[in-house]
Amino acid sequence: MSKNVNSTQFRTVDVDAYDEDNYEDDARDTGDSGAAEVTERANQVRGLLNQLKTKEALKIALKNPPVGNKDASVKEQNYETVVSVLKSFKAADIDAAVADLDMVEIDILMKYLYKGFTCSPDKAASLLQWHEKVVAKGGLGSIVRVMVDRKGI
Amino acid sequence: MTTKTEQQLFVGSPVTSHAFNGALDKLVVSDNSTTVYIYAKEANGKWTKETELQKHIERVKCVDWAPKTNRIATCAGDRNAYVWNLNETTGVWAPSLVLLRIERAATYIRWSPAEDRFAVGSGARLLSVCFYENEHDWWVSKHIKKPIRSTILCVDWHPSNYILAIGSCDFKCRVFSSALKETYDKPETSGWMPKLSKFATMLAEFSTQGWVHSVKFSPSGDKLAWVAHDASINIVHMDNHDTVIRSLTPSLPILTVIWASENSVVCGGHDNFPSLFNIVAGESVSKGIRLDVKEKKAGGGMSAMARFKALDRTGDDTKDASLDTTHQNSIIELRVVKSDATGNCSQFSSIGMDGKIVHWDLDALASSISDLKI
């Protein structure tokens, strides 16, 4: 048989790299913004939860998520912080806590809820309780913003 | 069915684009096919189909009517645009081809305020600004390419005639200079163009999280509003490009926006109804006021015909499947029909995927909806 039939090396070539019109997303993860802040925040939140100040803990947990960070463990750590706060709420208090949040915080919370659905499906029941209350305030628009988000929280 | 706030015209298939003529008695409509229709308003106020403009070989994506010079511009997926001129004696619209030189479908077309040129956005990631060349008796185009990275979805001209804004699928809204030497433009500096810039110079760039579906300059041209697929409304003033007033709405994404006055916008989109947003104290946007007033159905039940239809389609004759909004599907485009000299809109029209063209009277709505302030 002819020689060129056997080698399939050509299949490993990344053709997109040679395409000059290839669209490169501005929203790629670069840098290490907020790694120290995330640890600091985790400590702060733990302290507030020990004092049973759940509403304040929620506000702090949702501030400045490490969106631009290329280190997945930093994002994971922040995610754990947020989940620990969500877990500490009693079902009756969720309404009051959500009412306190502004639209930007609502969006961040919604992103973490959807991350929770994928990463922690065992907690889905409590996350869905939160989801219902957040949609009541943030509307379908907050869900749309989770779906169009390119960076991922 | 007409109420004092709406009149409706049913085209029968999703309407992709529409435009009124200067006298507001004719309407050009594209219904997602290769044909473009012109509707005329009769003496009794009813709209009927008058002519068909058939030249495109792919779906017509956008149409625009230049009110003063009475020319229609259409663009389609066949990578062409045509300018249609009316022969007054025969009443026939004659097309003349526009050389766009694009390799992908044309998506949007708009005449400039002076109507001596028009802009065509395309999937080829570039904008063609087309003007008439007298020596050769045809329309030629110049391209704005850098740094647009994806399909252009919407274009709007600044009242000055040489600045335009482009919204595209690369999540950005940009403002460009389109001052042409060929048409002897004499641009002046302004908040958008602090230094005289030549054609295709980018003057400003704004980011969003979603595709920019619609972009509009305010009536004076000082402010720019755009709506994106992340369900946001964004407004910026030309003097301060860093402060973008961003409203994260709780609704589904908005597809189209028009200015109702210098300080308020009307939006429509996947929520199927138009809503009014006011700019509060130049800093934020108010909550949207729904302009589609829900009317309680007289008799409180379904008609016998509706019952049999529902039974046939869904096997259940107790639920009325129609939505309580005037449009039964997304609103694709809003157009200002009548506005006064300062740009305060009194009437606007909307088209939807449900095939309806609805005429809204903003003045009548202002009196009937209690907290509507423009």
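All values below come from the heavy atoms of this structure, side chains included, with hydrogens, waters and symmetry mates left out.
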Problem set entry | More than 12 heavy atoms of other groups within 6.0 Å of A/Gln9 CD | no
Problem set entry | Whether over 12 other heavy atoms sit under 6.0 Å from B/Arg79 CZ | no
Seminar exercise, completed: Scored by heavy-atom pairs under 4.5 Å with chain A, the best of B/Ala228, B/Ser251, B/Ser232, B/Ser247 is B/Ser251
Exercise. Based on non-hydrogen pairs under 4.5 Å, which of B/Asp230, B/Leu252, B/Leu248 is most in contact with chain A?
Worked result: B/Leu248
Problem set entry | chain B contacts, top residue of A/Asp107, A/Val148, A/Val104, A/Ile143 (heavy-atom pairs, under 4.5 Å) | A/Val148
Problem set entry | Exceeds 12 heavy-atom contacts within 6.0 angstrom, atom NZ of A/Lys53 | no
Exercise. Relative to chain A, which segment of B/Arg246 carries a heavy atom at a distance below 4.5 Å: side chain, backbone, both, or neither?
Worked result: neither
Problem set entry | Expected output: side-chain A/Arg145 to main-chain B/Thr249 donor-acceptor under 3.5 Å | yes
For this session: Give a yes or no on whether B/Trp211 atom CH2 has more than 12 heavy-atom contacts from other residues, nucleotides or ligands under 6.0 Å away.
Result: no
For this session: Answer yes or no: are there more than 12 heavy-atom neighbours, outside B/Arg104 itself, under 6.0 Å from its atom CZ?
Result: no
Problem set entry | Where A/Gly141 and B/Ala231 come nearest, the two heavy atoms and their spacing | CA-CB, 4.0 Å
Exercise. Do you know the tightest heavy-atom contact between B/Gln209 and A/Arg150?
Worked result: OE1-N, 3.9 Å
